[in-house]
**Q** 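Encoded as structure tokens, here's the structure I'll be asking about.
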2 protein chains.
Amino acid sequence: MQNSFVQEFDRFLQEKKLRRTPERFKILTEIKKIDRHFEADDLILHLQREKIIVSRATVYRTLSLLEESNILRKFRFDENHFHYELHPKNSHHAHLVCVKCGTIIEFDDQELEELQARICREYRCLPVKRTVEIYGVCAKCRKKEN
Amino acid sequence: MQNSFVQEFDRFLQEKKLRRTPERFKILTEIKKIDRHFEADDLILHLQREKIIVSRATVYRTLSLLEESNILRKFRFDENHFHYELHPKNSHHAHLVCVKCGTIIEFDDQELEELQARICREYRCLPVKRTVEIYGVCAKCRKKEN
DNA sequence: AACATTATTGAGACCTTATCTCAAATTAAT
DNA sequence: ATTAATTTGAGATAAGGTCTCAATAATGTT
């Protein structure tokens, strides 16, 4: 089950006639070890710590491929770098981001699924994807403030 | 009515003991002339065309102030620059962005208002703001493709 | 009206994140 | 093993925005 990402990526690469290089798989394997959300820099640090030597450029290129193959999903919050998240396929969820501490909480959004469909129908638009972010002060930070 | 932005900004500056400089008001006045959405570069170009000489830094600094005073709202779509929009106060709307041509359609979202409130209640979070973007292929682009 | 105080401006340096370039290395097909 | 085509790494470059600091200007005080 956990390994299915590797298989999926493998299939994707073959299909697109791209090469199945050790770098690409090492990167995906490292991503699997990281919990949920991560940033490119996190990944690069993790790789360095594990003495897996891959260039920054290759990391970014592989992230693009993983996004293209729907193994990874790319998000952007109010910062100016991206966040990535594994396995978004069946979890088209949204985010609750704390403006104080940056904690990211995921929540499912079946309602949003319908909203997207409705809005797209209304504007005769073919839905591709959506991003929904709610910003607020999380419970912990609110306690601290008191 | 249209002038209320200037008054509002004026009040904000006084309240915060910030200075009411000509640059700041020239920038706001120019923004009012631009239709709805704009990017920092658009604004800088507009100012240049009108021979209003204000430095890039001041433009960015003023945009921040206008955001802080809730006169302007800042958005980010999939690109890596921001979009700005005047008068978001009573129009907490969401966006439908065409992935082909970049057209941005606004839509109101009373449902989203409730969703935000509900999610925040659930996580004991104090809501601050939200961004909702739906990406798709717009009607025009779909026609072209056929 | 002049002064002092403090904020603001402008020019360009700088920062961050990500992408591009191109020679060298590697994959995959034959 | 050879060849053709991709991929990699190192560093240059790009894009967008922010920062620095001396010079300038706004405000409050006399």
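In the text below, chain A, chain B and the rest are named by the order of the sequence lines, each starting its count at 1.
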**Q** Rounded to whole Å, how long is the line connecting atom CG of B:Leu65 with atom C1' of D:dT18?
**A** 14 Å

**Q** CD of B:Gln14 versus P of D:dT27: gap in Å, rounded?
**A**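 Result: 9 Å.
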
**Q** Are the ring centres of A:His95 and A:His37 closer than 6.0 Å?
**A** yes

**Q** Is it true that atom CZ of B:Arg118 has more than 12 heavy atoms of other residues, nucleotides or ligands lying nearer than 6.0 Å?
**A** yes

**Q** Please confirm whether B:Phe9 and B:Phe25 have ring centers closer than 6.0 angstrom.
**A**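 Yes, they do, as the ring centres are separated by less than 6.0 Å.
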
**Q** Give the cluster check for A:Ile134 versus B:Phe107: same hydrophobic cluster or not, with ILVMFWY residues linked at side-chain heavy-atom distances below 4.5 Å.
**A** yes

**Q** Salt bridge check: are A:Glu8 and A:Arg11 linked by an N-O gap of less than 4.0 Å?
**A** no

**Q** Let me know the distance between CZ of B:Arg24 and C1' of D:dT27, rounded to the nearest Å.
**A** 13 Å

**Q** So if I take the C1' atoms of five pairs at each end of the helix from C:dA1-D:dT30 to C:dT30-D:dA1 and get each local axis, what angle do the two axes make, rounded to 10 degrees?
**A**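 Result, rounded to 10 degrees: 30°.
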
**Q** How close or far is atom C1' of C:dG10 from atom NZ of B:Lys26, stated in whole angstroms?
**A**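 B:Lys26 atom NZ is separated from C:dG10 atom C1' by 13 Å.
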
**Q** Taking CG from A:Asp42 and P from C:dT16, how many angstroms apart are they, rounded to a whole number?
**A** 16 Å

**Q** So, OP1 or OP2 of C:dT9: does either fall under 4.0 Å of a side-chain N or O from B:Ser55?
**A**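 For C:dT9, neither OP1 nor OP2 has a side-chain N or O of B:Ser55 closer than 4.0 Å.
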
**Q** Could you walk me through whether A:Cys138 and A:Cys101 satisfy the side-chain contact (heavy atoms from CB on, under 4.5 Å) test, starting with their C-alpha distance in whole Å, then the side-chain angles of each, then the deciding distance to 0.1 Å, before giving a yes or no?
**A** CA-CA 8 Å; A:Cys138 76; A:Cys101 66; 3.8 Å; yes

**Q** Taking CD from A:Glu79 and P from D:dG16, how many angstroms apart are they, rounded to a whole number?
**A** 19 Å

**Q** On the ring face of B:Phe82, is B:Lys74 found with NZ or CZ under 6.0 Å from the centre and within 45° of the axis?
**A**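 Here B:Lys74 passes the 6.0 Å and 45° test against B:Phe82.
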
**Q** Expressed in angstrom and rounded to an integer, what is the separation of B:Phe77 atom CZ from D:dG16 atom C1'?
**A**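 In whole Å, D:dG16 C1' lies 17 Å from B:Phe77 CZ.
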
**Q** Would B:Lys129 and A:Tyr135 count as a cation-pi pair here, with the cationic atom under 6.0 angstrom from the ring centre and within 45° of the axis?
**A**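 B:Lys129 over A:Tyr135 ring: yes.
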
**Q** Starting at atom NZ of A:Lys16, determine the distance to atom P of D:dT7, rounded to an integer number of angstrom.
**A** 12 Å

**Q** When every nucleotide of nucleotides 18-30 of chain C is labelled 5' to 3' by its protein contacts under 4.0 Å (heavy atoms), B for base, S for sugar-phosphate only, - for none, what sequence of letters results?
**A** SBBB----BBS--

**Q** How about A:Lys26: does its NZ atom have over 12 heavy atoms from other parts shown lying under 6.0 Å from it?
**A** yes

